[in-house]
Each structure stands twice: as C-alpha cells, then as structure tokens.
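Contents: one structure, followed by commentary.
Lettering of chains follows the sequences in order, A, B, ..., and the numbering in each one begins at 1.
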2 protein chains.
Amino acid sequence: MRILVPFDTANPNTRLSSVLSSAERSEFAAAMCHDVCAAIRAAGHTPELLATADVAVDVPVTVDDRPLSTAVNAALSDRSLPLAVVMSDLPLVTAESIQRLCASAVDVVLAPGLGGGTNAFVTQAPEFFVDYHDGSYRKHLTIADEQGLSVETVDSFRLAVDIDDPGDLAEVLLHSEGRAATWLHNAGFALVHRDGRATAVRK
Amino acid sequence: MRILVPFDTANPNTRLSSVLSSAERSEFAAAMCHDVCAAIRAAGHTPELLATADVAVDVPVTVDDRPLSTAVNAALSDRSLPLAVVMSDLPLVTAESIQRLCASAVDVVLAPGLGGGTNAFVTQAPEFFVDYHDGSYRKHLTIADEQGLSVETVDSFRLAVDIDDPGDLAEVLLHSEGRAATWLHNAGFALVHRDGRATAVRK
C-alpha cells in the first residue's frame, strides 16, 4: 500500500522551541520522518512524502504547500485507494504497528494520538475526508459515521505517541533506537526520573 | 486468569491535587478502579484488589499495606501462575486490551505506561519479580533478561495511558464512557482544545 507521510519543511515542531533551536528542530524532524519511512518500508509498504516544499530524501516527494487537511484531501481524491496517511512525528512506530494499522478490511481505520488527534489512518472509501483541526480523532469518527462507513480504531501506543512538546521526548529515548533517538542522544538528552515519570533532560 | 489490581486507599492520585480535592480524588480513583475491574471481567478474567486497606467493593480484596513492589512480589510468590497485575488508574482499558495482554504464551508480557512505568504485566515464570521504582518498564525488561525469561511487550494505547496528572484527564473524556468518564463529566470537566491538544478543563 502507498502510505503518505505529511512533512512540514518550513518550521517543524515549534512546540519544541524551548529545548531545540530552529536548525535542531529541522534535523530532529528529518530524523523522525526517516524512522517513520523506515518502519513503513519494513512493513512492506511504500512511503511517499507529502511535503510543504521540496526536500532531499530517498523517498518520492509530492509538494503541496496548502494547509494539512487541504493537502491530504487533495491527495485522497488524486490517488487510488486504499491509501494510508501516517504523520512524520511518530518515531516510536515499528513495522508491526504499521502492519496492524493496515491489516483491517473495514472502510476506515484510525489511530488516535495523545490529546485527541489522528496520528494515522487508512481509508478504502472515496467518501472519506479529513479535518485535522482540533480534536480530529472524534471528527474523523463522525465523518466516517455520517458517510455510513465502517470504522475501526487501532489500539497502539507506538502510533499514539506523537512528539509535540518537550515532555514527549522521553518516550523516544525509552522506546526507540532509531535515528531520532540517536539524534537526541547525540544532542545531549538523557532520561531523568521525576515523580515517577521519565523526562528527557539536556545536559 | 486471576488479575491483581493494586489500589491505594489512603491518598490516591496525589498529582491530581491541583484540580481535585482529597475526597474527590478518592471517588475518582474508585471509579477508575471500577472501570478496570469491569474490563477484566468482560475479558473473562477474575479481578482481585490488592489494596493498602480494606475497601468496600464487589471484588475480592487482599490487604497489604507495604510498598507496592513488596506487596506485588509477595502476591507473586503466594499465588499460582500465570498471574497478571493491572494498575487501577487505567480507565481506558477495554476487554480487548486485557485480552491482548493475556494472549501470549511467553514467560513475561509487559505493557509500558507513558513515562517509562509498567502499567500491566503477566507472568508465567516464578523467577520474575517487580521493581516499580523509577523507570520500571526498562527494569522489568532487564529482570526478565537476567532470569533468562522470554518477554514480549504489548503495544496498547489503552494500557499505556495511566491517569497521573491533570494533563491525562482529557484522554478519559476522549476515549471512555465508563464510570471515571461519567464522574469527570458530573464534576464539571469538559474538553477544550489548545494548541492542537485536548485538555480537560473544569467549568
């Protein structure tokens, strides 16, 4: 299956600004995106970047600088189905979690993210469309329901953890040995335990 | 399978103190524990509370007021295996996620929690023991490895989300319709979307 990976080349991961410079955020975003594409390939699928500008990577790139929902909906109507969309800030994903996402025969499979977003989905139905603004997981359930589509949710920690803010970085160090984890190690991040939860602290 | 659910009757969920009074935290903790026991029953297993003091609930209760790791290790050596331990602050768990936890035939199955903890495990091996202090998920991997035990991790969002601090409450409202979610609704909590993540705000 072709799997689109939206990628913001302009100013990625702004909520990491308190711990990473702009150049570092770009490097880290590229490392996360690499890990996602590697997991997609290892699962036997074909990653394709849907990027806001051209970017030098070893996967096919479609450039669309419109807002995320517009660009994804345009891609959904242009391409043959089934089609999956997996966010680029999911460095915990593995081949197995991608396979679980893609294993179902229902019309729409959703992978919720922490905080109510939609970190990944697969659709077999041309009627389905996305709306990523505020609480998209519930919106996508509603859209599928209103179109009379069958829908399933994949219960995956690895698909749920998107790296949005500094509190999320610990999960990368805890559960990945990919390029994003290596980047964090090399940038001086290490795990510290506080109040029973691990935090990634820069030394 | 018998599934132990550790439950702190004394001062549960202290990190919710900024949004819930002591009495409210006790009520909310009981509601979460009810949801966990209901999911265990729906999965065809038998919940048993491992509580720090006696508590009036409709499941068997073993009282042990020692620290969590000590009490769980005592229970592991007292009881016949396989035995599972599932934390009581996991109101998102469903029968299906409990079944996935219990489906494997390996020696030890671990369900990591956000922040490096161990939210649930199953052991078939008498050599296995727990150490819940700081970063227990990695510690439990090491313990299993040092004992030469086969180990698997269950990749479940519903088992990973433990309700520790106010930032976690949104997940209950987003993904559960159980007693804990109803308690939050009745206490005036509602979802608000900020910076792309949902937050539970009390009105």
| query | Tell me, side chain or backbone of B/R194 under 4.5 Å from chain A's heavy atoms, or both, or neither? | reply | neither

| Top of A/D165, A/L191, A/T199, A/D168 for chain B proximity - count of heavy-atom pairs under 4.5 angstrom | A/D168

| remark: Closest non-hydrogen atoms of A/L174 and B/G115, given as atom of the first, atom of the second and distance, are CD1-C, 3.8 Å

| Which of residues 95-108 of chain A have a heavy atom under 4.5 Å from any heavy atom of chain B? | A/S97, A/R100

| query | So with a 6.0 Å cut-off around NE2 of A/H133, is the heavy-atom count from everything else above 12? | reply | no

| remark: Value for CZ (A/R158) from OG (B/S156), rounded to nearest 0.5 Å, stands at 12.5 Å

| Does B/R197 come within less than 4.0 Å of A/D134, counting only side-chain N to carboxylate O? | no

| Under 4.5 Å from any heavy atom of chain A - which part of B/D164 | both

| query | So with a 6.0 Å cut-off around CZ of A/R179, is the heavy-atom count from everything else above 12? | reply | no

| field | side chain to side chain contact (heavy atoms under 4.5 Å, CB included) partner of B/F157, chosen from A/V154, A/V161, A/T153, A/L114 | value | A/L114

| message | Less than 4.5 Å to any heavy atom of chain A: does that hold for the side chain of B/Y137, its backbone, both, or neither? | response | side chain

| said: Can you give me the closest heavy-atom contact between A/P112 and B/H175, atom names plus distance? | reply: CB-CE1, 3.6 Å

